[in-house]
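Reviewing the structure listed below.
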There are 2 protein chains.
Amino acid sequence: MERNRCNCAALRKASRHMTLFYDAALEPSGLRSTQFAMLTEIHRRGDAAPAIGDLAEALVMDQSTIGQNLRPLQRDGLVTLERDEADRRSRLVKLTRAGRSRLADARPLWLAAQEKFEDGFGKRAAAELRNQLVGIAGDPSLVPERAELQKQKA
Amino acid sequence: MERNRCNCAALRKASRHMTLFYDAALEPSGLRSTQFAMLTEIHRRGDAAPAIGDLAEALVMDQSTIGQNLRPLQRDGLVTLERDEADRRSRLVKLTRAGRSRLADARPLWLAAQEKFEDGFGKRAAAELRNQLVGIAGDPSLVPERAELQKQKA
DNA sequence: CCCCAATACCGGGATATCCCACTATATCCA
DNA sequence: TGGATATAGTGGGATATCCCGGTATTGGGG
């Protein structure tokens with residue numbers, strides 16, 4: 001069919017629909033999908049608090065998007081931003097006690113959503129799909145600008 | 001790895017990255033990915049001009065999102081909205097001459113992006129991926145509310 | 001024929017997302 | 001060491017996206 005021939009549109013439709021599903025699952029925690037992803041990434045770093053740019057790279061988002069998206073979390077006291085004394089241009093993002101607590105509330109809700117999705121879609125199929133998606137998200141040939149940024153670090 | 005275990009986050013990251021790629025490709029036409037997808041869907045209907053709700057269903061978007069997203073296109077004279085005299089609650093969305101022209105400008109840019117992506121990702125792999133994504137976007141078990149809406153129509 | 005539930009849309013409000021231009025800081029190198 | 005360049009983040013502006021509550025219209029009983 002001529003319909004759904006566009007790789008980008010297909011990805012975006014699935015992304016919108018999947019987001020509705022995860023947002024509904026996370027709703028009791030008061031977190032949206034993006035917020036849960038950001039808090040999870042910050043938590044994953046443990047003691048090595050990430051700067052805004054680190055989050056941007058890990059989450060495949062623009063730096064300014066990270067800054068923007070952190071505001072509601074900061075306003076609600078889930079994260080703090082403090083200057084990195086080792087490089088005063090950077091701001092380190094840290095979870096507060098309330099942030100860790102909120103994340104702990106959300107995790108079982110997220111896990112339930114994962115399981116519900118994978119029950120229907122197939123655990124193996126889901127892992128394979130994520131593999132493909134991670135490949136796309138990290139493909140430097142798609143966005144040359146970002147490829148250069150990657151090269152800088154190597 | 002613990003990282004990238006979330007199906008939703010993986011989908012969203014890939015969606016963001018892919019969108020950058022298609023947006024860059026479409027840039028000379030002045031259309032963004034979403035706008036191109038909307039104009040394409042309207043055009044696909046031919047003489048049977050869709051209402052806002054029809055577009056919402058086809059594009060897996062909220063009705064209010066469609067309405068919002070149509071505004072820049074309307075402002076730029078690419079589409080018109082007119083009351084459906086057969087059901088005065090509905091508004092039919094139609095391409096203007098300028099809209100058709102803009103879409104014609106964008107199509108080769110889109111096709112080049114498709115080919116460039118599929119050159120790297122594999123034509124067969126891309127088709128398979130789209131298949132999976134269409135399945136997710138249309139899965140009524142993920143968002144029960146929408147499932148009911150679907151049932152109404154059956 | 002009239003009332004009521006359902007439907008189609010809109011307006012307001014919030015988050016999500018990007019780009020651009022700007023500031024502050026750091027780094028490199030002549 | 002001092003100035004050019006590069007990097008980290010912010011603020012403003014635009015589109016994208018959802019939900020909720022309200023309005024107009026429709027269609028089905030009674």
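Every chain is numbered from 1, with letters handed out A, B, ... down the list of sequences.
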Q: Check step by step if side-chain hydrogen bond (donor to acceptor under 3.5 Å, both in side chains) holds for B:Arg130 and A:Asn4.
A: CA-CA 7 Å; B:Arg130 284 198 309 273; A:Asn4 285 321; over 6 Å; no

Q: Before giving the answer on side-chain hydrogen bond (donor to acceptor under 3.5 Å, both in side chains), spell out for A:Asn69 and A:Gln35 the whole-Å C-alpha distance, their side-chain angles and the decisive distance to 0.1 Å.
A: CA-CA 8 Å; A:Asn69 290 356; A:Gln35 299 176 331; over 6 Å; no

Q) Step by step, would you call A:Thr34 with B:Arg12 a side-chain hydrogen bond (donor to acceptor under 3.5 Å, both in side chains)? A) CA-CA 9 Å; A:Thr34 297; B:Arg12 290 173 66 84; 2.7 Å; yes

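By the 6.0 Å contact criterion, CZ on B:Arg97 is open, its count of non-hydrogen atoms from other residues, nucleotides or ligands being 12 or less.
Heavy atoms of B:Ser90 sit under 4.0 angstrom from primed sugar atoms or phosphate atoms, though from no base atom. Residue B:Gln35 is in sugar-phosphate contact alone, with no base atom involved, counting any heavy-atom pair closer than 4.0 Å across all strands shown. Among the heavy atoms of the strands lying under 4.0 Å from A:Ser64 is at least one base atom, whether or not backbone atoms are also near. Within the 4.0 angstrom heavy-atom criterion, only backbone atoms of the sugar-phosphate kind lie near A:Thr34; the bases stay farther away.
Between the CE atom of B:Met18 and the P atom of D:dA16 there is a distance of 18 Å, rounded to whole Å. Spacing between atom CD1 of B:Ile52 and atom P of D:dA24 amounts to 17 Å, rounded to whole angstrom units. Between A:Glu57 atom CD and D:dT7 atom P there is a gap of 13 Å when expressed in whole angstrom units. To the nearest angstrom, C1' of D:dG11 lies 13 Å from CG of A:Asp62. Taking atom CE of residue B:Met61 and atom C1' of nucleotide C:dA16, one finds them 14 Å apart after rounding to whole Å. A:Gln68 places its CD atom 19 Å from the P atom of D:dA8, with the value rounded to the nearest Å. For the pair A:His17 NE2 and D:dC18 P, the interatomic distance rounds to 11 Å; values are reported in whole Å. If you measure from atom CG of A:Leu31 to atom C1' of C:dA16, you get 15 Å, rounded to the nearest angstrom.
Counting only distance, with no hydrogens or angles, the side chain of B:Asp76 and the backbone of B:Leu78 share no donor-acceptor pair below 3.5 Å.
Side-chain nitrogen and oxygen atoms of B:Arg71 include none within less than 4.0 Å of the OP1 or OP2 phosphate oxygen of D:dT15. Taking side-chain N and O atoms only, B:Arg12 has a distance below 4.0 Å to OP1 or OP2 of C:dT17. Distances shorter than 4.0 Å separate some side-chain N or O of B:Asn69 from OP1 or OP2 on D:dA16. The phosphate of C:dT17 has OP1 or OP2 within less than 4.0 Å of a side-chain N or O from B:Arg16.
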Please tabulate, one pair per line, each protein N/O and nucleotide N/O from nucleotides 25-27 of chain D that are separated by under 3.5 Å, including the distance.
| from | atom 1 | to | atom 2 | distance (Å) |
| --- | --- | --- | --- | --- |
| D:dT25 | O2 | B:Arg89 | NH1 | 3.4 |
| D:dT26 | OP1 | B:Arg88 | N | 3.2 |

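Side-chain contact, B:Asp105 with B:Ser29: no donor N or O sits under 3.5 Å from an acceptor N or O.
B:Leu109 and B:Leu73 fall within the same hydrophobic cluster, where Ile, Leu, Val, Met, Phe, Trp and Tyr residues are linked whenever their side-chain heavy atoms come under 4.5 Å apart, directly or through other members.
Ranked by how close their nearest DNA chain C nucleotide is to the 5' end, A:Gln63 and B:Arg91 are led by B:Arg91.
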